[in-house]
Amino acid sequence: MKFKSDLHVRTLPELIECFRGDVVLELYHTPCTCIVLLRELTCEEQVIIVRLLFMDQPLSVAVIASWFLPNTNIDLTRLKRLKVLEETRSVTSPSVSITDNFKLNLKKAIAGDGSPWILSPLAYDPKIGSKTKQFLTAYAIDRWETLLHFMVGSENSREQLSDDTVAILKSSGLIEFDMAKDVKPSLTASGFQFLLQETSAQVWFFMSQYLIKLNGSDPEYLVEILTFLLQMSQCNFGRDYSSELYSEKLMAFIQLLRELGLVYMRKRKDARYYPTQIAVNIKEGSVAGARSEEHVAHSRSSKGFIVVESNFRVYAYTDSDLHAALIAMFAVVSYRFPGCICCVITRDSVRQSLLMGISASKILNYLFSHLHPKCESVPSAVIDQINLWERETGQLQLTEGVLYSNFLSQPQFDFLHEYALELDPSGILYSNPDRRVMVVTESHHDPLKKHWKKNKKLFES
């Protein structure tokens, strides 16, 4: 039985690699995409691109390798997969150059040539009014946490989400939910790990899953909305922008962003919207999500609220229903007071979370990342016991089988046992020739039964 389920949050380059070649080349028609992708690459890759940018002729791969120290691993494969570099064969050695679309628009982004690619802000309109940064931040947090509350089964959260949003959560493997039957979703192991991520990483993962889905169904729409998301990441938080010239598909996408808290739009007819802090920071999610579990386990939030005692009692000083639901997945809630949740970690509660696919490392990561600032660490007794409970559960594996016993003689047992070995030795789950007992898989049972009926007369005396 497998308990681990790792949630992989793709970086921007990894996401672009998932798209079709023609879609990738179409993305590079905007300077915004090119400059944002350049910033996401490694230092070596950035050096290669910038040096090749203003060269008119392809350059030898050997010359590019000479730019770096001898022990530096220079691999151009990823840049070729991203359609940033293209290879040209020459008589002497392979050469590479930057693809035309990427070169042209990266030059525009760096040199400032061409028309402005950032969304144009609007002048203040007293009839509509403006929104403060505090309002936009509160709005974004409220909308995004509505989605998180739905994932953990909080009441009155389903009505605030569209079917499209729920479908993305389901197709991403974060929840198990039947829209026709279920009232509350079931959180998966990937969903639990998703909730442990930073908000920017959560948003980026959600949007990347939506984009991957469009890659097969509507690639033109994919190019439009990914370009729009990257443009919003370059916007000024607190400024409003015009939507008058947007297509109907892009306006429909903005309605989804409104639902998730990435965009505030009072009314569609106002033709203006505010990118929230979540939208401006969305690109940071690809970096935040790439952090390893070891880094998360040792990172401590300055706003931690959990106290763990060596007697397995946990005190969470919070009023958040979301955190209360998360803690209840691996601990038994004893009492809940205003500002404090009292619970205890038990063997049964941890085993229940393990059966859901939530590993011991994920439980400990949650406790570590939300530990109260005045607590030094989670007690070693709690850490060791949670890991032991996981090992204890992993020692047993249930497999259905058929018991063969009560043989009248040793030759009868040997006859069937040898035939089972001929079929497949892995089909014998257990055997004890001295006691004339063996257990076989269900797939072995039918041929063994037929073989015995066909040959049992050989043992009749």
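We're numbering straight along the sequence, starting at 1. In this text, all values refer to a predicted model and were calculated from it rather than measured experimentally.
At a threshold of 4.5 Å between non-hydrogen side-chain atoms, the residues Phe330 and Ser349 do not count as touching. Under the 4.5 Å side-chain criterion, counting only non-hydrogen atoms from C-beta, Val308 is in contact with Pro379. The shortest distance between side-chain heavy atoms of Met265 and Ser243 falls below 4.5 Å. Side-chain contact between Leu147 and Leu169 is present, with heavy atoms from C-beta onward closer than 4.5 Å. Using a 4.5 Å heavy-atom cutoff, the side chains of Gln234 and Lys283 are in contact. Residues Ser353 and Ile363 meet the side-chain proximity criterion, which asks for heavy atoms closer than 4.5 Å. Put simply, the side chain of Leu85 reaches to within 4.5 Å of the side chain of Ile98, judged on heavy atoms. Contact check for Phe150 versus Ile175: side-chain heavy atoms found under the 4.5 Å cut-off.
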Walk me through it: do Asp348 and Thr346 pass the test side chain to side chain donor-acceptor pair (under 3.5 Å)?
CA-CA 5 Å; Asp348 290 339; Thr346 66; 5.6 Å; no

Applying side chain to side chain donor-acceptor pair (under 3.5 Å), run through Arg347 and Gln385 and close with a yes or a no.
CA-CA 9 Å; Arg347 178 175 178 270; Gln385 188 61 65; over 6 Å; no

Check against salt bridge (charged side-chain N to carboxylate O under 4.0 Å, His left out), Arg272 and Asp270
CA-CA 5 Å; Arg272 62 171 60 200; Asp270 291 343; over 6 Å; no

Candidate pair Ser361 and Ser359, rule side chain to side chain donor-acceptor pair (under 3.5 Å), full reasoning:
CA-CA 5 Å; Ser361 63; Ser359 64; 3.0 Å; yes

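For the pair Pro94 and Glu87, the tightest heavy-atom approach, listed with the atom from each and the gap, is CB-OE2, 3.3 Å. Contact detail for Ala316 and Ile306: the closest heavy-atom pair is CB-CG1, 4.3 Å. For the pair Arg10 and Trp204, the tightest heavy-atom approach, listed with the atom from each and the gap, is O-NE1, 2.6 Å. When all heavy atoms are compared, the tightest approach of Ile35 to Cys32 is CG2-O, 3.2 Å. A pairwise comparison of heavy atoms in Val223 and Val23 identifies CG2-CG1, 3.8 Å as the closest pair. Minimum heavy-atom separation, Thr30 to Leu27: OG1-O, 3.3 Å.
Taking the six-membered ring where tryptophan is involved, the planes of Tyr28 and Phe102 are perpendicular, since the angle between them exceeds 60° and thus also 30°. Ring geometry, Tyr335 versus Phe337: the interplanar angle falls under 30°, so the pair is classed parallel (tilted spans 30 to 60°). Taking the six-membered ring where tryptophan is involved, the planes of Phe206 and Trp144 are perpendicular, since the angle between them exceeds 60° and thus also 30°. The aromatic rings of Phe253 and Phe228 sit perpendicular to each other, their planes meeting at more than 60°, with 30° as the lower class boundary.
At least one donor-acceptor pair closer than 3.5 Å links the side chain of Lys103 to the backbone N or O of Met55. Side chain of Ser320 to main chain of His323: a donor-acceptor pair is present (N/O by atom type, distance under 3.5 Å, no hydrogens or angles). Of the possible donor and acceptor atoms, one in the side chain of Ser217 sits under 3.5 Å from a partner among the backbone N and O of Lys213. Within the 3.5 Å criterion, the main-chain N or O of Glu259 finds a donor-acceptor partner in the side chain of Arg143.
More than 12 heavy atoms of other shown residues, nucleotides or ligands fall within 6.0 angstrom of atom CZ in Arg78. Surrounding CD of Glu159 are more than 12 heavy atoms belonging to other residues, nucleotides or ligands, all under 6.0 Å away. Asp100 CG: 12 or fewer foreign heavy atoms inside a 6.0 Å radius. Other residues, nucleotides and ligands place more than 12 heavy atoms under 6.0 Å from the CG atom of Asn71.
In summary, the aromatic rings of Tyr139 and Tyr274 are positioned with their centroids too far apart to meet the 6.0 Å limit.
Using a 3.5 Å distance cut-off with no hydrogens or angles, the side chains of Asp75 and Thr77 do pair a donor with an acceptor. Residues Thr72 and Glu44 bring no donor and acceptor atom of their side chains to less than 3.5 Å of each other.
Remark: Lys249 qualifies as a cation-pi partner of Tyr221 under the 6.0 Å distance and 45° angle criteria applied to the six-membered ring.
With respect to the salt-bridge test (charged N to carboxylate O, under 4.0 angstrom), the residues Glu248 and Arg268 qualify.
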